[in-house]
**Student:** 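Quick one: structure below, then a few questions.
Worth knowing before you read on, the calculation uses all heavy atoms, side chains too, and leaves out hydrogens, waters and symmetry mates. Labels below follow one simple rule: chain letters A, B, ... track the order of the sequence lines, proteins then strands, and each chain is numbered from 1.
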Amino acid sequence: MMFQDNEEDYKFGACTYFAKNHPGETCGSNGLPLTPSSITILGRAQRLLTIEHPNLCTYLDVIRGKHERIIVVAEVIGKSLKECSQKFSNDEITNIAKQLANGLNFLHQQDIVHRTLSDDNIFIDSNGRVKLFNYGLYNMTGGGSEVSFPLGLPRYLSPETILNGGGPAADVWSFGIILLELCIGKLWNNLKPGPILRRILTLVHASNPAERIAREHDCLEQYKQIPEDLKIVIEKCLSIYPNERATFDDVIEMLSRVDTKLVAEVKAPRGLMGCKLQYLYYWWQLAGGDIQSELKKNYLIKNSPPILSMPIAILLDGCTIGGKSGALFDRRIAKYSLGLLKSRLSHIPPHDYYPLMHERRKQYDAVTLPKIIRERDTEYQFYRLLWFQRLLHGYPYTAPYIRAEAEVDIPPLLRGQVWAALLGVVGDIEEQYERIDKETPTPTDRQIDVDIPRCHQYCWLLCGSAGHRTLKRLLKAWLLTNPQYVYWQGLDSLTAPFLYLNFCNEARAFACLSAFVPKFLHKFFLKDNSAVIKEYLAKFWQMTAFHEPELATHLHDINFVPELFAIPWFLTMFSHVFPLHKIVHLWDALLVEGPALPLFMGVGILRQLRDTLLSSGFNECILLFSDLPEIDIGECVKESIDMCRSSPRSISYRRFTNEAQVKDPMDIVEIPMEVLFTELCPRISLSDFFSLICQDKCCVIDIRSNLLYEKSCIDGSINVPYSGVHLGQHELRALGLHPQRVLQEAIKLKKIVVVASAEDETAQLFSDYLVKCGVPKVCILHGGISALLAHVPSLFVVPPKRNGHK
Amino acid sequence: MTEVIQRAENVVKTFLYEFPTCTTEELTFKLEVPVDIPLAGSTRELVQRVITMFHVPVYLEDDLNEKLSKFVAQETKTFHNSRDGKLIDQLKNSEINVEGVIKNWEKLFKENVMEFAEQKGTSDEEVFAAAYHKLVHSPALETILQVENSYAKTILNTLENREDDIKKLTEKQTEEMEEKIKQLNISTTEEEINGLAAAHFEQQALVAGRWGSQLDALRQTQRAQHRAWLMNTLEEYQSTSALNTPSNSPLATFSPELGPLPVVPGAAGAHRLEESFTIHLGSQLKQTHNIRIVAMDLLDLCIVNPQEGSRRLQTSLSLYSSELSGVVLLTESPPRRPAPPTTTLVSAATSSTEHHFADVELQLKEISEKVREPADKRNNQRQREQSENMSNCSNSSNGNNSNSGPRMRPRRDLQTGDIFITKHSNLDEVHVVFHLIVDDSELRSGDITSRHPAILGLRNILKAACSNDITSLSIPLLLRHEMSEEMTVAWCARRAELVLKCAKGFMLEAAGWGGADLRTLHFVLPPATRPPLFATLAHLLPSIFRISNPVKCSRPRD
C-alpha cells in the first residue's frame, strides 16, 4: 500500500551533531575521568523531553551515537518559514508573531533560553499553526560549551550575543528580526557571516535599528506600510539595550491588542493520529523505524573510513597529534513519515483505539511469548499501551485492574507510572517532595559522594552530572524523611532503578522509593540491622532447603553460608547485582507478587548455578559469587514465582515486616530467633496445614512412638517412630519399605512433606535428616501434634490395624 | 565521572523579607537571605528551607513563594541586562576590539558549520576508499587480491634481483681488493688501495641508487595502474552490476604461472603456544571481550608470507571498515632515525607497493616533522617543571636523581611513553601500528608500577583504539619483544600481572567513552617462551579476568 508523500505525513524530524571532545588527559576534581560531553548533553536534554506546549515541537528522543554523536528527534509539522516562498499577509504575520511569542514566553518561564531562533527552526502548517523546533539546543549543550560549533545563525544574533554576552533578551531581538523579515523580506541575503555581524554591531549607533535595517535594504517604503501595532512590536524588540527591549510578556500583551482573525480551530484527529506522539514514535521504532538510516540517506551522517583519520602521534599526556578534524555541523533536518507504522497497524479496527475498561478484552496470542519478545512486538505494545493508559487515567480507583494487568507484563514506556501505581503512590507528591531539604550538607554526604560515581555507571543517564545530582538529592531526601534509618551502602543501588525510570520526575522517584522500602526492606536500614538481616538470610536458607535440598546440603557441608554472598542481594533487592534492564523485569514481578518473592528469587539464582555449585568447593564458590555470572532473568523470575506460589504462605513468615501482627493461634509460626537459626526446615502454620490436608497436597509423617500413633493420629499420616531412625544413614531406604514408597510417591506428586512430632527437637532433627536424603518440600508442623489436636481435633482418627501386621 | 563546571561569574543578592509579629503591630521580623543569581535550583525549595531555618509561620508560605520567585526573576533579568548593557556601552565607546570579535566568529562559522564552510567535496582519498571498499565486497575481490599479489611478486623479484646484483658486485669487489692487497708493497701502494676502495664505494652507491630509483618508479607505476584499474572496474561494475571477472584485468599482462596459489601452511603459525578466553567485564552490566594469549613474534603479524593469501583477504576486506586491527611495537628510537623493530617493519612494508597510504618512510618523515613543535613545547615545559622541582629540593640531599632519571633525548623528539602511529594496507594482519617509545633497559630491570610511562602509553593506545574503531589489538604482554636472562618465571608473572590488571582497568574505563568496543585483545609473549612459563601466564588470565560461562538452561526436573 502506498502512501502519499505530502508534507502532512511527516510527523517527526531529526538533526544531529557532535559533542566536543575533552582536550588531552584531564581529570575532574575528584580524580575520576571527565564525563564525555555527550553524556552531559544527554542528561540535560532529559528535561526537554517532558516539555509540552502547543507552540513547541515536542522532543521525542535524544540518542547518543558512537564517537560522541548526538541525535535529537522531535515533532515536526508543515514546513519551515525558510521553505515558505509565499509572502504572508499582515494578519498572518500577526498570527505567527502571537504563536511565536507564546512559545518563547513559555520557554522563558521555564528558564530555557532559545538563542538559536531562526527561520529554519520555525515550522508552520497549512492551518497556520506555528511551532518551534529544537528550541533546546542552547540549553542542552550548556550554553554551547559542550559543542565546538557556534550556535545560531549570524543574522539573528543580537548585538550583545556577538559580544559574547546575551541572556533571555537575546531571544527577543531574534524574534524582532524574524518579524521584520516576514514584513520586508530576507535580510542580509548573500552576505557572509563577517559582514553581517559587522552590520549588526553598527546598529548600536542607530536610534531606530529596525528602520535603519529597512533603509539599508532599500525597503523603507515597505517598512512604513507595516501596520502601526506590529511596527511598534518590532521596534520594541529591536532596541539596542536589553533592558529597553520588550519581554515576551509585553509582546503578548501588545499583540493581543491587534485584531486578527484567530487561527481556525483544528479538530483533534482520531484513531492513530490521535494517539500521543511519544507512543507513535515508540511504535514506529518497534515496527522497524530507524532514525539513523534516514540521516545517512540524507548525508547527515557521513561515515568516512576511520583509517583515513588516524592520528599520527600521541604524547604521554594524551595530547593527540593529527587525525580527525571535527565534523561540520549540518543544520538540516531529516523528516520521517509514519507510513511504516500506518501500514503495520492498518488492519486494526477503529474501536480498538478506545478500549473500554469493563469490556472483556480479547487475549493476544503473544502472551505466551517471552517478555523480551513481547516488549518488541508492535501490535502487542500498541494494545498494551492504550490499555494501560486508560487504566492509569483511572488510578487510584483502577489499582486492582492495574495490578492484575501488571501480572501479565508492564509496557516499558509506562513502567515508571505503573510501578508508582503498584506501590500505591498517591497524593500531591511534588509538594511533599518540595518540602524536603535536599541541599543542606549532612555528615553522610561524603559517603554518598563516594558511592554515587560507582553506581550503575554503565547507564548513560546515571553516569552524567544530572544523574549524579538527582541521585544525591533523592538519597538525602530519603534519609531526612526516615530519621530512624541510616545510610547503608547499597541504598544508592536501590534508588537507581526508580531514578532511571523517573529521570525527570524526581518526586515520583522519591515517592516510589519511600513506598518500596517499608514494603520490601522493613528495618533493613536500621543502624543495627543485624537481627533483621540474620532472620532474612535464615529464611532464605530454609527456602533453599525446601526447594533445593541437594544444593542446600552441599553448601552446608562446605560451610558456604548466605552471609558470605546474599547480603547485597537482599539489602538492595538485587539492584546491586544486576544491570538495570534485568532489574526492571525482576522488580516487575516483585511489585506484583509481594515481599515473599525475593527469598525465592535468591533460590532461583542458586538454581541456575546449581550444577557449578554442586561441583565446587568453598573457594570456588567464593570466587563465583564475587562476580556473579550471567543469569537468565526471565527464567529466574518464572521459577521464583512458581516456587513462591507453590509454597504455603506461613513457611516464609518473617517477624520483621511491615504487615499486621498475626494474632490467630492457627496462623502463628513465630519461634525464637535462636531456634530459627538452628532449623533448616521452615515451620508451617496450622491453618496452612489444614488447607493442604483438605486439598490432599501433603504427606504427613508422624514421628511419635507407634504406641501414641496407634491411639490417635492424623488421618492419612504415616508413622516413622523417631527412635528407630538411624540419622547417620542418608538414604530413604533405611526408613523401611513402606515409608520409602510413601515418600517417593509424595515427591513424585510434588506434595509437601510435613513432619509432625510431639516435641520440637526430634521434629527438627528428623526434618534435617529428610533434607539430607534429598527430599524436597519438607517442613515442620508448628506446635506439633498437640497443637493440632487442640485446634482441629476433627483431623484425628484411630488408625486401622495394618494388614499383615503381626 | 565529573564535569568541568564553567559558569559565568554569579552574583549574590540579598533577599529582604518582613513580616509582622503577632503581638505588636509596628514590630516586624526581618529576614535577609543571600541568593545566588542566576539561581540553579527552584525558588520553591529555597522557600521551604528558609521557612524551616527561620521558623517562619506557615501561613506566609504562599506569600514568600510569590515574593521570592519575583525577586529572583527580577534580579536575574537585571543581572543579564546590566552585564549586556555594559558590553554595549563599551562597544559604543570603542573599548572593544570589534575586528577581533568578528574574526573569531567568522572563523568559528567557517570551520564548524556546513553552510559557511568553504566548499569542499569528498577528497580523492575518500573516493578511492569508497571504490575499494565496494569492490572488495563484490565478486571482484578475488581478482583484486590476485592483482595485488602479482604486483607484490614483481616488487619481490626486483628486490631479489637487487640483492643478487649487489651481492655479485660485492663479491667482485672483495676479490679485486684481496688481489690488490696481496700485491701491496709489491706492485701497489696504499694510495692505490685507498683509491680502489673509494671507487668501490662509489660503484656500490651507484648500483644501490639505480635500483632504488627503479623500485620507486616501479612502485609509482604500480600504484597509478592499480588506481586506474580499480576505478575502471568500479565503473564497469556499476554499469553492468553483474561482474564475475573484470575483463580489463591487468592480469592479462602477467605471466600465467600465477594460478590459484597453493595453500602452504605457514611455518610461523604451525606450533604456536596459544590460548583464547571469552571474558566478562563490569560489575553489573557485563561487556564481552575475547582475550588471546599467544607466544609469537609480533612482527609476524606484519610480514606478509607470499604463500599465504587468506589472511591478506581479511585485512583487505576490513581496511576501510570500522573494524580495524592494530599492533603495539616497542621501540627505543623516535621516527626520525628508526631502529629495529621499526626497521623490520619498514622493510616488511616496502616489500610490496603501498597502494593506499603514503610510503612508510614518508610517513615516518612526516611524523617526525609534525611532532617537532608539540614535542618541543611539551619537553620544554617538562624541563622547566623539573628544574623547578630540583631547585625546590636542592637543599635536601637529592643529588643522585640526575643520573637515575630517564635518559634525556634530544629536546625536539618524542620521549618515552609517547606513541607514533603508522597505517598500512599491505601488511599481513594489521592496519595500524602503534610505536610505543620505551626505555628498554628500564623495562628489563623489573619492577615498574602502574604509573610507568609504558603503561600510561598503553592506556593512550587503548583509548586511541576506542576512538578510531580499532577492534582488535595485539600488545606485548611482558613489554619486551625478546626473552632475556633476567626474565625469570617470577619476573614474568609479576610483569604479566601488572599489564593484565592495567589493561583490565583501561578496558573498563573505555566502556564509558562511547567509541568502538575492543573485540579481541591479543597478549603476545616472546616467541622463545617455554611451555611451562606459557602455562603459568595463561593461568593468570582467569584469575584476573572473569571468564564467562554460558548461561545454562536449567534441566527440567521431576
Side-chain angles (χ1 to χ4, degrees), chain A residues 28-30 32-36 38 40 64 66-68 145 148-150 159-160 163 165 167 169 193-194 197-198 201 204 240-243 304-308 310-316 318 321-322 328-331 434-435 437 453 456 458 463 465 578-579 607-608 611 627 629-630 632, chain B residues 1-3 6 44-45 48-49 80-81 83-85 87-88 91-92 96 98 101-102 105-106 108-109 112-114 116-117 125-126 129 282 284-286 319-320 322 324 367 370-371 374 378 417-421 423 431-432 453 456 460 464 467-469 511 513-515 546 549 551-552 554:
Chain A
S29 50
N30 56 358
L32 293 169
L34 289 174
T35 314
S38 57
T40 312
R64 183 189 182 216
K66 226 164 113 180
H67 301 313
E68 295 294 276
S145 62
S148 48
F149 55 88
E160 74 273 15
L163 300 175
L197 296 175
R198 213 165 278 132
L201 286 187
V204 297
I240 290 298
Y241 282 95
N243 57 358
S304 175
I307 188 121
L308 293 180
M310 203 57 69
I312 58 167
I314 307 167
L315 301 186
L316 183 57
I321 301 164
L328 296 173
F329 172 49
D330 194 337
R331 299 176 55 88
E434 213 171 73
R435 289 179 186 281
D437 175 8
H456 291 283
Y458 55 85
C463 77
S465 53
F578 294 118
R607 184 177 275 182
Q608 285 203 6
D611 295 341
D627 187 1
E630 204 79 18
D632 178 348
Chain B
M1 287 190 252
T2 48
E3 172 192 8
Q6 296 175 322
R44 293 177 66 87
E45 284 192 2
Q48 293 302 325
R49 270 183 288 151
H80 287 298
N81 288 353
R83 180 198 58 201
D84 295 342
L87 279 174
I88 288 176
L91 177 67
K92 273 188 166 172
I96 285 179
V98 175
V101 169
I102 286 174
W105 278 98
E106 259 182 329
L108 276 172
F109 276 113
N112 295 296
V113 183
M114 188 76 87
F116 306 109
E125 240 182 350
E126 280 173 320
Q284 282 129 356
L285 189 74
K286 323 263 185 204
L319 178 62
Y320 290 114
S322 45
L324 299 170
I367 293 169
K370 284 200 175 155
V371 298
R378 192 267 319 261
D418 292 342
I419 299 144
F420 60 96
I421 301 162
K423 49 189 181 181
H431 306 109
V432 180
L456 295 179
N460 285 335
S467 51
N468 291 289
D469 293 301
W513 289 329
R546 174 129 200 82
N549 20 0
V551 178
K552 277 179 198 154
S554 51

**Student:** Side chain, backbone, both or neither: which part of A/F578 has a heavy atom under 4.5 Å from chain B?
**Tutor:**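 Contact with chain B involves the backbone of A/F578 alone.
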**Student:** With sequence neighbours excluded, tell me which residues meet side-chain hydrogen bond (donor to acceptor under 3.5 Å, both in side chains) with A/N243.
**Tutor:**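 Partners of A/N243 by the side-chain hydrogen bond (donor to acceptor under 3.5 Å, both in side chains) criterion come out as none, since no residue qualifies.
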**Student:** Can you say whether A/R198 sits under 4.5 Å from chain B via the side chain, the backbone, both, or neither, judging by heavy atoms?
**Tutor:**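 It is both, since atoms from each part get that close.
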**Student:** Given heavy-atom pairs under 4.5 angstrom as the criterion, report whether the side chain, backbone, both or neither of B/I96 touches chain A.
**Tutor:**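 For B/I96, the contact with chain A is made by the side chain alone.
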**Student:** What part of B/K92 gets within 4.5 angstrom of chain A, counting heavy atoms only: side chain, backbone, both, or neither?
**Tutor:**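 For B/K92, heavy atoms of backbone and side chain both lie under 4.5 Å from chain A.
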**Student:** So, taking the atom named CG in B/L319 and the one named CG in A/L308, what distance separates them when rounded to the nearest 0.5 Å?
**Tutor:**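 Reported to 0.5 Å precision, the distance equals 8.0 Å.
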**Student:** How far does CD of A/E160 sit from CG of B/L87, to the nearest 0.5 angstrom?
**Tutor:**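 Rounded to the nearest 0.5 Å, the CD-CG separation comes to 8.0 Å.
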**Student:** Using the side-chain hydrogen bond (donor to acceptor under 3.5 Å, both in side chains) criterion, which residues pair with A/K66? Sequence neighbours excluded.
**Tutor:**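 Per chain and number, A/K66 pairs via side-chain hydrogen bond (donor to acceptor under 3.5 Å, both in side chains) with B/D469.
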**Student:** Could you check which of A/D330, A/I240, A/L315, A/V204 has the highest count of heavy-atom pairs closer than 4.5 Å to chain B?
**Tutor:**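 Sorted descending by pairs with chain B, the first entry is A/L315.
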**Student:** What part of B/F109 gets closer than 4.5 Å to chain A, counting heavy atoms only: side chain, backbone, both or neither?
**Tutor:**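 When you check distances to chain A, atoms from both the backbone and side chain of B/F109 fall under 4.5 Å.
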**Student:** Which pair of heavy atoms, one from A/L201 and one from B/I102, lies closest together, and at what distance?
**Tutor:**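 Answer, listing the atom of A/L201 first, then B/I102: CD1-CD1, 4.1 Å.
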**Student:** Can you confirm whether more than 12 heavy atoms, excluding those of B/K370, are under 6.0 Å from its NZ atom?
**Tutor:**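 No, not enclosed.
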**Student:** Ignoring hydrogens, what is the shortest heavy-atom contact between B/Q284 and A/P579? Give both atom names and the distance.
**Tutor:**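 In this case the closest contact between B/Q284 and A/P579 is O-CD, 3.2 Å.
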**Student:** Checking side chain to side chain contact (heavy atoms under 4.5 Å, CB included) for the pair B/Y320/A/I307: CA distance, chi angles, key distance, verdict?
**Tutor:** CA-CA 6 Å; B/Y320 290 114; A/I307 188 121; 3.8 Å; yes
**Student:** How long is the gap from CD on A/E434 to CZ on B/R44, to the nearest 0.5 Å?
**Tutor:**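 It comes to 4.0 Å.
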**Student:** Work out which heavy atom in B/D84 is nearest to a heavy atom in A/P242; give both atom names and the distance.
**Tutor:**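 Looking at all heavy atoms of both residues, the closest pair is CB-CG, 3.6 Å.
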**Student:** Of all the heavy-atom pairs spanning A/L328 and B/A117, show the shortest one and how long it is.
**Tutor:**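 Looking at all heavy atoms of both residues, the closest pair is CD1-CB, 3.7 Å.
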**Student:** Looking only at heavy atoms and a cut-off of under 4.5 Å, which of B/V98, B/L285, B/L91 has the most pairs with chain A?
**Tutor:**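 Of the candidates given, the most pairs with chain A belong to B/L285.
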**Student:** Indicate the atoms forming the closest heavy-atom contact of B/R546 with A/P629, along with that distance.
**Tutor:**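 Taking every non-hydrogen atom into account, NH2-CG, 3.8 Å.
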**Student:** Quick one: does any side-chain atom of B/D418 pair with a main-chain N or O of A/L316 as donor and acceptor, under 3.5 Å?
**Tutor:**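 Yes, the answer is positive, given that a donor and an acceptor are paired below the 3.5 Å cut-off.
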**Student:** What residue in B/H80, B/K423, B/E45 has the most heavy-atom pairs under 4.5 Å with chain A?
**Tutor:**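 That would be B/E45.
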**Student:** Locate the shortest heavy-atom distance separating A/I314 from B/A464; write the atom from each residue and the value.
**Tutor:**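 A/I314 and B/A464 have their closest heavy atoms at CD1-CB, 3.5 Å.
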**Student:** Quick one: does B/W105's side chain get under 4.5 Å of A/P150's, heavy atoms only?
**Tutor:**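 SC-SC contact between B/W105 and A/P150 confirmed.
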**Student:** Considering only heavy atoms and a distance below 4.5 Å, find which of A/A313, A/S38, A/G322 pairs most often with chain B.
**Tutor:**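 The answer is A/A313.
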**Student:** Answer with side chain, backbone, both or neither: which region of B/Q48 has an atom nearer than 4.5 Å to a non-hydrogen atom of chain A?
**Tutor:**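 Only the side chain of B/Q48 comes within 4.5 Å of chain A.
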**Student:** Under 4.5 Å from any heavy atom of chain B, what part of A/L163 do you find: side chain, backbone, both or neither?
**Tutor:**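 It is both, since atoms from each part get that close.
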**Student:** Let's test your reading of the structure: which of B/N81, B/L324, B/V101 forms the most heavy-atom pairs below 4.5 Å with chain A?
**Tutor:**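 Of B/N81, B/L324, B/V101, B/N81 has the most heavy-atom pairs under 4.5 Å with chain A.
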